[in-house]
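For reference, the structure discussed in these notes is given below.
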Amino acid sequence: MATCNPLPEGKTVFLAIYAAVVAGIIFSTLVILSSVYTSSPAASAGDGGNGKPLHLAGTSLFSSSSPPSTSTPPPSPIVTRTPRLQREPLDMFTRAIWDVPVDSKMPDLKSFLLTKEMLKHHAKDNIIIVTFGNYAFLDFVLNWVKHLTDLNIFNILVGAMDNKLLEALYWKGIPVFDMGSKMVTVDVGWGSAKFHKMGREKVLLINALLPFGYELLMCDTDMVWLKNPLPYFARFPEADMLTSSDQIRPTTTDDSLEVWQDVTTAYNIGIFHWRPTDAAKRLAKEWKDILLSDDQKWDQAGFNDLVRHVLGPSLEGESGIFYAYDGTLKLGLLPASIFCSGHTYFVQAMPQQLKLEPYAVHTTFQFAGSDGKRHRLREAMLFYDQPAYYDTPGGFLSFKPGIPKSLLLDGPHTLQSHFSLVNYQLRQIRTALAVACLLNRTLSLRAATAREWEMSLPWARSPSDSSAVGALLSVPWVMPRLWCRFERMWFGHPGILEGTLTKQPFVCPMDHLFEIHTMLHGLSEEEFGPQIHFREYSFLQNPSVPKHVKESLLNVQLCDAHSKGCNISDETTSRGFIQFPRNSTEQKYMQVFSQYKDIKVLHFSSMANAFQGFNDEAREVKFRNRVKRYVGLWCCVENRDPGHIYYDIYWDEKPEWKPEPPRTSQDDHPPWD
């Protein structure tokens, strides 16, 4: 009978080796998969190994991250994340900032209550950075968060004063908590009753946070971080508090704290760092009690009253810390040269002049409310807008102002020389406004596209029905860089505030000359004609403007209609420019520029005598009534009451016009009134 012979010894060894190799490959595969699994942020954040399924998380804040049943929040800053495997988190504490929820249902509002556990999850090195607001400031909040996360700072929380903001931030992946304020969702305006309510809520929030034992960096939403401030604060471990101020004259030329004895302005509570010490808690409680007892008390005024009750002496050494409040609070004043106000950053350019690197800018010292704050940040390219802002279907119009040297640099800086400089610019801007208004165009879009554009543009009107086949969109014009010799204030001054570093002339913010809120919101189209959209002077240098927009450029060189070569030819167009006659008619504009509707940027060499005016008298009247209201006033002549002087965009039509304050109360009205 046949028997089974054993394998030869060599084959046995071979099979053993083969089995070991296969086992090693299987083991390595399991190790790699385990590594991929545990390296996801959700897992590493401590999900407890709940075994929930993996999800592919590659998100953009411009995609709707809310469930179908929830209204989509307004567009947000450009924030994209690389697709990666991520486990569904146990709760919102373990999700990375900007990672949108994978759930389709809004969690119970109780889960958004401020707790010590919430702070424990979000704090780092015992520090938490907090801002707060209502829905009207959603874009400011998102901008604030974006600047911090760009600096790799993630220990942040946002307090929501209304449920609409809370939901919007949750679906955008922002760590948010419910302040229980039941605040209105609209902009409340400085000094109003709702404004004072927001101030009280801020102080209540500070009192709620300090007992948890974390250092607190409390910020207003209308500021941005440009550099990680936490190492700076760590230089002053003895301080109970470090606060910003409205100081506009430098007391130091390096990155030291302000010389507190030389600070004559208010301490500003838009940026301040608290340590949870007994002295800081006592101050917070007394501050709260004062505001709750007087609902008309401004929170910053109450803070200054308390802190300044005792000032000094300085602590031993050269730290710049001093005693304040009740003589036990150790306080330091952040230097306004690097923790900048709207004046030291946008007007004086103090960081650049002192060759310092700024940490932050707070949009104070401006004249147009929230719209002015937003525009100043846009001018500095510090505001993240939605993609539609940077690429509209109608394209853009810009021009070179070509200011004569004599107006800009020659002669003394006087009221007359300031207004001569500004008026020269206003006349060209007036023409640019007319051309931008003239070049409105109707885009033939399919219904869905028209609706998409209507919904994405903040100024656009909703179509009357879903069958709309076009959207009327104006050509936004790019504001030129504005130059001033004198600055604007709320009180009489000699032109430039004494002791400041403002150089004359200087690039002045748009709100020094124009009423930005009126330009955006204040005028009906029925009475004043179509709205004229605009962009900030730095727009075409902004990295957020797509390359295809910047490269789609046609230079329009104005020429004398009777001069040789003042004609439009295919040869010049192919080289990126055309010759266009000065004082052209409305028909000429429409005839020529209808050929270039696909060009994204029309850049004029000048706007001096570029347009004859509208053919239709009614249209001309509406246009004039609109742009007259666009300009504001300069303030103020010293020792005059009233001391302000109204700008007049049609100054050149009034031979008797002079830059002087109203002589009587009957004269005290803007040119259009």
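In what follows, residues are counted from 1 in the order of the sequence shown.
A salt bridge is absent between Lys197 and Asp295: the closest approach of a Lys/Arg side-chain nitrogen to an acidic carboxylate oxygen does not fall below 4.0 angstrom. Note on Lys330 versus Glu238: no salt bridge recorded, every NZ/NE/NH1/NH2 to OD/OE distance being 4.0 Å or above. Note on Lys146 versus Asp150: salt bridge recorded, some NZ/NE/NH1/NH2 to OD/OE distance being below 4.0 Å.
For Lys227, the NZ atom counts as densely surrounded, since its 6.0 Å shell holds more than 12 non-hydrogen atoms of other residues, nucleotides or ligands. Within 6.0 Å of CG in Asp108 there are more than 12 heavy atoms belonging to other residues, nucleotides or ligands.
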| task | Start with the C-alpha gap between Tyr170 and Phe112, add the side-chain angles, then the distance that decides, and say whether ring-ring contact (aromatic ring centres under 6.0 Å, His included) holds. | result | CA-CA 10 Å; Tyr170 173 76; Phe112 293 97; 5.6 Å; yes

| request: Let me see the working for Lys297 and Asp305 under salt bridge (charged side-chain N to carboxylate O under 4.0 Å, His left out), right down to the final yes or no. | output: CA-CA 11 Å; Lys297 187 76 171 180; Asp305 290 345; 2.9 Å; yes

| Criterion side chain to side chain contact (heavy atoms under 4.5 Å, CB included) on Phe339 and Thr344, from CA distance to verdict | CA-CA 9 Å; Phe339 292 87; Thr344 61; over 6 Å; no

| request: Might you work through the side chain to side chain donor-acceptor pair (under 3.5 Å) test for Asp222 and His362, ending with a clear yes or no? | output: CA-CA 6 Å; Asp222 62 343; His362 187 192; 2.9 Å; yes

| Could you go step by step and tell me if Val347 and Thr500 meet the side chain to side chain contact (heavy atoms under 4.5 Å, CB included) rule? | CA-CA 10 Å; Val347 178; Thr500 63; over 6 Å; no

| task | Carefully, step by step, assess Tyr390 and Arg535 under the rule side chain to side chain contact (heavy atoms under 4.5 Å, CB included). | result | CA-CA 9 Å; Tyr390 302 108; Arg535 295 292 186 270; over 6 Å; no

| said: Working note: His273 + Glu215, criterion side chain to side chain donor-acceptor pair (under 3.5 Å); need CA distance, chi angles, decisive distance, verdict. | reply: CA-CA 7 Å; His273 176 265; Glu215 293 184 30; 2.9 Å; yes

| Residue pair Thr149, Trp98: steps toward the side chain to side chain contact (heavy atoms under 4.5 Å, CB included) verdict | CA-CA 9 Å; Thr149 55; Trp98 300 118; 3.0 Å; yes

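In this structure, Ala160 and Asp178 approach most closely via the heavy-atom pair O-OD1, 3.8 Å. When all heavy atoms are compared, the tightest approach of Asn155 to Leu230 is ND2-CD1, 4.2 Å. Here the closest heavy-atom approach between residue Asp240 and residue Ala280 is recorded as O-CB, 4.4 Å. Counting all heavy atoms, side chain and backbone alike, Ala360 lies closest to Met223 at CB-CE, 3.7 Å. Here the closest non-hydrogen pair linking Arg95 and Val100 is CD-O, 3.8 Å. Between Pro175 and Ile156, the closest heavy-atom pair is CG-O, 3.3 Å.
Counting only distance, with no hydrogens or angles, the side chain of Asp299 and the backbone of Lys202 share no donor-acceptor pair below 3.5 Å. Under a 3.5 Å cut-off, the side chain of Asp125 and the backbone N or O of Ile127 do not form any donor-acceptor pair. Gln348 contributes a side-chain N or O that, together with a main-chain N or O of Ile248, makes up a donor-acceptor pair within less than 3.5 Å. Using a distance-only test at 3.5 Å, with no hydrogens or angles considered, no donor-acceptor pair links the side chain of Asp103 to the main chain of Lys105. Judged by distance alone, with hydrogens and angles left aside, the side-chain atoms of Thr243 form no donor-acceptor pair with the main-chain N or O of Leu333 at under 3.5 Å. The main-chain N or O of Gly342 is found under 3.5 Å from a side-chain atom of Thr364 such that the two form a donor-acceptor pair. A donor-acceptor contact shorter than 3.5 Å links the side chain of Asn207 to the backbone of Ala284. Between the side chain of Asp162 and the backbone N or O of Tyr135, at least one donor-acceptor pair lies under 3.5 Å. The main-chain N or O of Leu204 is never found under 3.5 Å from a side-chain atom of Glu201 such that the two would form a donor-acceptor pair. The backbone N or O of Trp260 sits nowhere less than 3.5 Å from a side-chain atom of Glu258 that would complete a donor-acceptor pair.
Less than 6.0 angstrom separates the ring centroid of Phe534 from the ring centroid of His375. Aromatic pair Phe272/Tyr267: centroids not less than 6.0 angstrom apart.
Annotation: the span from Ile271 atom CD1 to Cys340 atom SG amounts to 8.5 Å, rounded to 0.5 Å. Note that NE2 of His122 is 13.0 Å distant from NZ of Lys120, once rounded to the nearest 0.5 Å. Between the CD1 atom in Ile338 and the OG atom in Ser244 there is a gap of 12.0 Å [rounded to 0.5 Å]. The structure places OG of Ser181 at 8.5 Å from CG of Leu205, a figure rounded to the nearest 0.5 Å. Atom CZ of Phe140 sits about 5.5 Å away from atom OG of Ser370, to the nearest 0.5 Å. One distance of note links CG of Leu210 with CE of Met218; it measures 8.5 Å at 0.5 Å rounding.
Each of Tyr359, Tyr384, Phe383 was evaluated against His147; a single residue qualifies, Tyr384, per the ring pair (Phe, Tyr, Trp, His ring centres under 6.0 Å) test. The salt bridge (charged side-chain N to carboxylate O under 4.0 Å, His left out) test with Arg378 is passed by exactly one of Asp511, Asp371, Asp385: Asp385.
Side-chain contact between Tyr389 and Phe539: present, with at least one pair of heavy atoms (C-beta onward) separated by less than 4.5 Å. You'll find the side chain of Ile129 reaches within 4.5 Å of the side chain of Ile153, heavy atoms only. The closest side-chain heavy-atom distance from Val361 to Trp225 is not below 4.5 Å. In this structure, Tyr323 and Leu331 have side chains that are not in contact, with every pair of non-hydrogen atoms separated by 4.5 Å or more.
Note on ring orientation: taking the six-membered ring where Trp is involved, the planes of Phe365 and His343 are perpendicular (angle over 60°, cut-offs 30° and 60°).
Looking at residues two or more places apart in sequence or on another chain, you find a ring-ring contact (aromatic ring centres under 6.0 Å, His included) between Phe367 and Trp490, His512.
Judged by a 6.0 Å distance limit and a 45° cone about the ring axis, Arg282 is not positioned over the six-membered ring of Tyr325.
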